[in-house]
Amino acid sequence: MADEKTFYVTTPIYYPSNRLHVGNSYTTVAADAMARFKRLTGYRVWFLTGTDEHGQKIQRQAEAAGKSPAVFVDEVVEWIKELWQELDIQYDDFIRTSEPRHKEKVARIFTRFYEQGDIYKGKYEGLYCTPCEAYWTERQLNDGACPDCGRKVELINEEAYFFRMSRYAQRLIEHIETHPEFIQPPSRKNEMINNFLKPGLEDLCVSRTSFNWGIPVPFDPEHVIYVWLDALSNYITALGYGEEDSLYEEFWPADVQLIGKDILRFHTIYWPIFLMALGEPLPKTVFGHGWLMLQEGKMSKSKGNAIDPLVLADRYSSDALRYFLLREIPFGQDGIFSLESFITRINNDLANDLGNLVSRTLTMAERYFEGVLPEPSAGDDSTDASLRNIALNTPEAVESAMEQMKISDSLTELWQLVRQSNKYIDDNMPWDLAKDPAKQERLGTVIYNLIESIRFVAVMLQPFMPRTPECIWEQIGIKESTKLQEWGSLRQWAMIKPGTIVKRGEDLFPRLNLQAEIKEMRADKPAEEDSDSEKAEELTGLITIEYFQQVDMRVADIISAESVPKSDKLLKIEVDIGEENKRQVVAGIAKYHQPEELIGKQVLFVANLKPVKLRGVLSQGMLLAATSEKGDLSLTTVDQKIAPGSRVS
Ligand code: ME8
């Protein structure tokens with residue numbers, strides 16, 4: 001529809017040089033929350049992410065891994081896409097710079113710059129940081145090292161094409177000065193003007209000849225196009241720039257380009273200058289957020305100190321991880337990631353505040369009204385009024401914070417409503433009302449208001465934690481009533497119908513034991529981070545033989561097997577692994593193996609796993625099983641009978 005409001009948001013396109021860490025996920029989760037929020041509030045949204053696949057850094061890493069760059073990046077890109085799926089990143093397009101749709105357009109852009117005199121041929125003699133893919137002058141270095149990443153720079157000396165940046169510098173300064181919303185947060189603007197623009201822009205080297213993993217310059221194919229000119233263009237090539245009736249007309253200029261502050265210079269100097277040279281409008285806002293740090297410093301793919309977001313999402317749920325990232329750090333500032341603060345947030349905000357509100361309310365609705373939502377009475381007391389007022393005002397407060405990109409503030413606003421709802425329970429003490437039959441109507445009103453308030457919370461929670469609202473719809477009986485899940489349904493109070501069947505479900509966020517989690521997560525990490533972490537093995541996810549040898553794998557004789565009560569998946573199995581005492585394990589294989597058929601089998605067994613309790617039954621190891629594509633399991637056995645306890649290596 002022509003008059004529909006549009007919103008275009010982008011993330012940086014990540015280098016598939018290694019698996020992404022929780023810092024990279026931070027930008028993408030924030031962009032996803034923005035995109036979901038805009039969709040929920042009625043915009044036609046385009047959310048773009050992708051991968052930046054060319055350049056010397058990727059070529060070198062592929063070589064180190066003994067692979068062609070194309071094969072190397074394919075593997076990492078697949079992993080990245082899986083990560084985004086796990087984190088519920090609902091992008092509209094994923095651009096890879098190795099795709100023809102991108103390469104063709106970049107080649108055309110480069111030719112156009114050359115033809116209009118923005119690009120000329122010369123010779124580059126100077127410094128280059130390959131990990132950052134950035135050129136530096138002697139003056140800009142920090143103690144002789146790259147001022148961005150602190151690593152060694154290289155001297156390069158090669159024929160190259162140059163872009164006349166100085167042609168556009170004055171226009172860019174004016175644009176920045178007259179468009180305060182262009183560089184956000186505002187504190188970052190002066191840094192760009194004073195450190196880079198005012199001292200004078202040097203012409204930028206925009207081609208390389210010493211490697212070939214890139215887009216060839218169409219009229220001089222010995223050269224490949226500089227990876228940043230290639231990469232920055234993705235924001236328009238993905239929209240079909242230059243094609244008729246493309247998304248470009250609908251969505252450009254971007255509303256928000258989200259990036260980390262490390263790449264602000266590329267996005268607020270080079271990128272707008274390239275766009276000016278193309279005669280295209282500049283993005284409305286480039287938002288440079290802060291860094292997610294570890295206590296010991298910046299997290300980085302190549303330092304090997306990165307935290308794997310998949311491990312966190314698997315263990316604690318992607319909603320918990322998203323909540324933490326969005327809530328903990330005021331968007332724009334640096335913040336520290338620690339397991340302690342993460343678990344504390346889960347326990348306080350998610351288990352105590354939100355989880356308790358839902359479970360207490362639903363328990364009472366079942367206990368006092370047999371799960372049928374009661375009718376509220378007409379009259380109001382002051383606690384009803386204040387709950388309702390906060391609920392009705394919260395959507396606007398959340399929206400206003402989101403408009404200003406204060407994502408953490410919008411969650412703070414939402415949690416005011418969660419906390420007010422808990423206070424409403426404490427103020428009204430439904431358990432006391434329930435003792436007095438004369439107060440039955442009041443009790444009904446209290447329960448009704450609580451369920452309606454939970455509905456408000458869940459509607460607003462959707463952009464931030466997409467899975468939790470689904471569980472809440474189920475519990476408050478509006479899974480099929482999509483109208484009641486829309487933003488527009490928050491304009492009025494008391495929209496949920498009395499008589500709706502509600503049902504308490506599993507706890508949304510069980511409380512965690514902080515000390516136990518810290519112990520377990522530390523134990524999961526390899527004993528020592530490898531200091532030489534740029535090794536090819538790490539880059540490809542391969543492990544060393546030493547690492548593999550840490551697994552104590554043995555042949556085990558199955559002595560007995562029986563079902564675990566109240567579980568259709570688990571079997572309790574006793575095995576002999578040649579030790580004095582037998583081991584007991586709990587295995588999720590009940591659907592695939594009858595207990596009696598297992599007895600006497602020889603199977604492979606991991607003997608040095610930390611013991612855990614499953615359904616209250618102790619499990620002291622793991623039986624190895626193969627999984628078919630359909631998910632069916634089959635235990636792994638040995639070819640010939642061998643003594644129990646024999647090592648497998
Ligand atoms: O720079 N905290 O890709 P990249 C928060 N390919 N955000 C972090 C972070 C941290 N510790 N570490 C990384 C590139 N990021 C280029 C971009 S765009 C045309 C080309 C985020 O894989 C942050 O957004 O090195 C940063 O800008 C981005 O990851 C860098 O990812």
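Counting starts at 1 for both ligands and their atoms, following the listed order. The structure displayed is predicted, hence computed values, not measured ones. The basis for the numbers below is simple: all heavy atoms, side chains too, and nothing from hydrogens, waters or symmetry mates.
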request  = State yes or no: are the ring centers of Tyr316 and Phe342 separated by less than 6.0 Å?
outcome  = yes
Residue portion contacting ligand 1 (non-hydrogen atoms closer than 4.0 Å) for Lys261 = neither
message = Can a side-chain donor-acceptor contact be found between Arg112 and Gln116 if the only test is distance below 3.5 angstrom?
response = yes
query = Taking N or O atoms only and a 3.5 Å limit, does Tyr15 qualify as a polar contact for ligand 1?
reply = yes
query = Is Trp291 in polar range of ligand 1, meaning some N or O pair under 3.5 Å apart?
reply = no
task = With atom 2 (N) of ligand 1 as the reference point, say which of Leu20, Leu292, Asn18 has the nearest heavy atom.
result = Leu292
query = With a 6.0 Å cut-off on ring centres, are Phe337 and His21 close enough?
reply = no
ask   = Is any N or O atom of Ile13, backbone or side chain, closer than 3.5 Å to an N or O atom of ligand 1?
value = yes
ask   = Is there any N or O on Asn24 that sits under 3.5 Å from an N or O of ligand 1?
value = yes
inquiry  = Other residues, nucleotides and ligands only: do more than 12 of their heavy atoms fall within 6.0 Å of CD on Glu78?
reply    = no
remark   = Taking only non-hydrogen atoms of Ile263 and a 4.0 Å limit, the atoms of ligand 1 in range are 1 (O), 17 (C), 27 (O)
request  = Answer with side chain, backbone, both or neither: which part of Asp262 has a heavy atom less than 4.0 angstrom from an atom of ligand 1?
outcome  = side chain
request  = Report yes if some N/O of Asn234 lies less than 3.5 Å from some N/O of ligand 1; otherwise report no.
outcome  = no
Pair Tyr135 and Tyr124, ring centroids less than 6.0 Å apart = yes
